[in-house]
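Data block below; observations after.
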Amino acid sequence: MKPESLPVFYLAGPTAVGKSAIALALAEQIGGEIVSVDSMQVYRGLDIGTAKPTPADRARVRHHLIDVIDLTSGFDASQFVRLAAAAVSDIQTRGRSAIFCGGTGLYFKAWCEGLHEIPPGDPQLRAELEATPLPVLLDELAARDRTTFETIDRRNPRRVVRAVEVIRLTGKPLSPQRTQRRTGAPEDQTGAARIVVFRRAPDDLRARINARVDAMFAAGLVEETRRLLTAGLGENRTAMQALGYRQVIEHVRGERGLAETIALVKLKTWQFARRQVTWFRHQTRTRWIDLETPDEAMSRVLHATGSAFGMPGSGWGVAGFL
RNA sequence: GGUGGGAUACCCAAGCGGCCAACGGGGGCAGACUGUAAAUCUGCUGGCUUAUGCCUACACUGGUUCGAAUCCAGUUCCCACCA
């Protein structure tokens with residue numbers, strides 16, 4: 001089979017639905033490799049709190065985009081797209097299928113729909129803009145790019161900062177730059193990407209999240225965080241906001257007790273899972289698969305998917321075969 | 001047993017005669033999102049044939065008043081101190 005015709009799979013869903021286990025099983029059955037779509041697993045060192053695949057898992061199936069950058073570096077959707085493109089061609093050269101699996105909606109979208117030709121964030125400029133009062137930034141935006149000013153979420157500092165940042169960096173208004181698509185996003189051309197999103201009943205998902213968080217603390221999340229803090233975690237804008245680490249940092253500083261922190265992490269993780277579902281529900285083309293409470297449901301899904309993979313031309317998602 | 005403080009919507013908490021279905025925060029629900037996204041931001045959150053309307057509501061009972069979550073009396077429960 002020609003590399004380009006090898007199927008690519010997209011598996012998504014909220015944290016702790018069980019997507020990784022399915023991706024792993026799928027990869028083994030079809031001889032595929034996994035491309036992690038996770039904004040935090042890219043960081044070296046963020047292991048326990050990101051539920052990173054274990055060394056054993058990684059020995060079973062080759063994983064990409066995990067541990068690719070240092071704790072002291074920044075990361076963004078554009079870098080994800082670039083690295084994912086390299087990973088996919090690498091995988092296909094080997095005659096294998098790429099299985100994208102993760103929960104970062106923006107990265108899925110950036111990959112499937114492409115990004116615009118605009119410059120990356122500039123740490124120094126960004127710091128300056130973030131220190132500027134929002135009304136001042138809005139004035140500048142209104143003066144230099146009326147269209148963006150009118151369409152942007154003016155109450156969200158992040159959006160405003162980025163818009164002004166691009167305008168200053170390029171010396172041009174942002175709106176025209178946002179009309180052109182970046183080429184090179186593989187799915188941009190085909191438009192065929194259809195993301196399979198796994199979901200579970202709320203009570204079920206919540207129980208799984210709670211169990212996972214308990215397991216993380218039992219596995220030494222607090223110790224890992226302490227270690228990472230001496231390695232620069234506190235200085236990393238992105239990694240420091242990771243669920244679990246963020247709350248544990250506060251705990252380590254003495255702001256909160258352990259039991260309370262564990263409960264908080266469970267809650268924040270649950271809220272995050274809800275946001276993920278909202279994102280996939282509205283922002284991407286998706287097929288949904290329910291994973292019910294009993295374990296039999298999972299194996300049923302596995303069997304149903306597994307039996308289809310021998311089929312030629314098996315396509316752009318798992319769901320089509322269920 | 002005595003004295004003082006307190007009981008407000010799912011939780012915390014403001015209000016202390018009308019502008020109160022009741023500030024604020026949390027939680028919940030819904031939503032936005034194109035280079036920080038496990039981030040950031042928004043709306044709604046007593047009930048009702050969704051209305052410048054009605055009903056039910058601020059521990060309970062009764063009272064004062066044109067009018068009470070707000071004042072008075074009694075009751076119950078909580079907390080603190082004294083015995």
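Here is how names work: the chains are called A, B, and so on, in the same order as the sequence lines, proteins then strands, and each is numbered from 1. The structure presented is a predicted model; accordingly, all values stated were derived computationally and were not measured.
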Q: Could you work out the separation of B:G18 and B:U40 based on their P atoms and round it to a whole Å?
A: 40 Å
Q) When the P atoms of B:A68 and B:C19 are considered, how many whole Å apart are they? A) 11 Å
**Q.** Minimum-distance nucleotide to A:T278 side chain [options: B:A32, B:A39, B:G27]
**A.** B:A32
Q. Using atom C1' of each nucleotide, how far apart are B:A57 and B:A21 to the nearest Å?
A. 8 Å
Q: Could you tell me the separation between the CG atom of A:L106 and the P atom of B:A39, rounded to a whole number of Å?
A: 13 Å
Q: Select one nucleotide: of B:A37, B:G35, B:G28, the one nearest the side-chain heavy atoms of A:T104.
A: B:A37
Q. Roughly how far apart, to the nearest Å, are B:G47 and B:U56 at atom C1'?
A. 7 Å
Q. Linking Ile, Leu, Val, Met, Phe, Trp and Tyr through side-chain heavy atoms less than 4.5 Å apart, which residues share a cluster with A:F272?
A. A:L243
**Q.** Distance below 4.0 Å between A:S39 side-chain N/O and B:U36 OP1 or OP2
**A.** no
Q.
I'd like the P distance from B:G46 over to B:G67, given in whole Å.
A. 28 Å
Q. Base, sugar-phosphate alone, or nothing: which one does A:T50 contact when heavy atoms must sit under 4.0 Å apart?
A. base
Q. Between A:S36 and A:D38, do the side chains contain an N or O donor and an N or O acceptor separated by less than 3.5 Å?
A. no
Q. Starting at CH2 of A:W279 and ending at C1' of B:A39, how long is that distance when rounded to a whole Å?
A. 12 Å
Q. Within less than 4.0 Å of OP1 or OP2 of B:U34, is there a side-chain N or O belonging to A:R159?
A. yes
**Q.** Whichever of A:R206 and A:R275 has its nearest RNA chain B nucleotide further upstream toward 5'
**A.** A:R206
(Q) With a 4.0 Å cutoff (strictly under), does any side-chain N or O of A:R274 reach OP1 or OP2 of B:C29? (A) yes
Q. Is there a donor-acceptor pair closer than 3.5 Å between any side-chain N or O of A:E224 and the backbone N or O of A:D47?
A. yes
Q | Pairwise P distance, B:U8 and B:C23 [rounded to whole Å] | A | 16 Å
Q) Which heavy-atom pair separates A:L221 from A:Y245 by the least distance, and what is that distance? A) CD1-CE2, 3.8 Å
Q | Interatomic distance, A:N236 CG vs B:A37 C1' [rounded to whole Å] | A | 14 Å
Q: Ignoring backbone atoms, establish whether A:R155 has a side-chain N or O less than 4.0 Å from OP1 or OP2 of B:U40.
A: no
Q: Indicate whether the side chain of A:H63 and that of A:E33 have a donor and an acceptor atom separated by less than 3.5 Å.
A: no
Q) A:D203 CG to B:G28 C1': how many Å, rounded? A) 14 Å
Q. How close or far is atom P of B:A38 from atom CG of A:L221, stated in whole angstroms?
A. 17 Å
**Q.** Distance in Å, A:I262 CD1 paired with A:L267 CG, rounded so as to fall on 0.5 Å steps
**A.** 14.0 Å
**Q.** Between B:A37 (C1') and A:D153 (CG): distance, integer Å
**A.** 14 Å
(Q) Looking at B:G31, I'd like to know if its phosphate oxygens (OP1 or OP2) sit under 4.0 Å from a side-chain N or O belonging to A:R281. (A) yes
(Q) Quick check: is A:L169 connected to A:V136 through a chain of hydrophobic side chains (ILVMFWY, heavy atoms under 4.5 Å apart)? (A) no
Q) Given B:U36, is OP1 or OP2 found less than 4.0 Å from the side-chain N or O atoms of A:R126? A) yes
Q.
Can you confirm whether the side chains of A:T261 and A:E250 place a donor and an acceptor under 3.5 Å from each other?
A. no
(Q) Quick check on RNA chain B: between A:G49 and A:K268, whose nearest nucleotide comes earlier from the 5' end? (A) A:K268
Q: Could you check whether A:Q271 gets within reach of a base, just the sugar-phosphate, or nothing at all, counting any heavy atom under 4.0 Å?
A: sugar-phosphate
Q | Linked, directly or transitively: A:Y10 and A:W279 (ILVMFWY side chains, under 4.5 Å) | A | yes
Q) Which value, in whole Å, describes the distance between the P atoms of nucleotides B:G31 and B:C12? A) 29 Å
Q.
Without decimals, in angstroms, what is the distance between A:Y43 OH and B:A38 P?
A. 11 Å
**Q.** Nearest-neighbour nucleotide for the A:N156 side chain, B:U36, B:A32, B:C41 considered
**A.** B:C41
Q.
Side chain of A:L115 only, heavy atoms from C-beta on: which candidate in B:C41, B:G35, B:A30 is closest?
A. B:G35
Q: Measure the distance from CH2 on A:W111 to P on B:G35 and round it to the nearest whole Å.
A: 18 Å
Q: Would you indicate, yes or no, if B:G28 has its OP1 or OP2 atom less than 4.0 angstrom from a side-chain nitrogen or oxygen of A:W270?
A: yes
Q: Any chance you could encode RNA chain B as dot-bracket? Rule is Watson-Crick or G-U wobble with both distances under 3.5 Å; [ ] for pairs crossing earlier ones, | for another strand.
A: ((((((((.[[[..)..(.....]]]((((((.......))))))(((....)))...[[[[[..)....]]]]]))))))).
Q) Do any of residues 240-249 of chain A sit with a heavy atom less than 4.0 Å from RNA chain B, and if so which? A) A:Q241, A:A242, A:L243, A:R246
Q | Between A:D70 and A:S73, a side-chain donor and acceptor under 3.5 Å | A | no
Q. Among B:C41, B:A37, B:U36, which is the nearest nucleotide to the side chain of A:R158?
A. B:U36
(Q) Using the P atom as the point on both nucleotides, what is the distance between B:C71 and B:G15, in whole Å? (A) 12 Å
Q.
Keeping A:R96 on the side-chain end and A:I91 on the backbone end, is there a donor-acceptor pair under 3.5 Å?
A. no
Q: Indicate whether OP1 or OP2 belonging to B:G35 is found under 4.0 Å from a side-chain N or O atom of A:H116.
A: no
Q: Scan A:F80 against the nucleic acid and name what it touches under 4.0 Å (heavy atoms): base, sugar-phosphate only, or nothing.
A: nothing
Q. Is there a donor and acceptor pair closer than 3.5 Å between the side chain of A:D76 and the base of B:A37?
A. no
Q. Under a 4.5 Å side-chain heavy-atom rule over Ile, Leu, Val, Met, Phe, Trp and Tyr, are A:V252 and A:V265 clustered together?
A. yes
Q | Side chains of A:S78 and A:R82, donor plus acceptor under 3.5 Å | A | yes
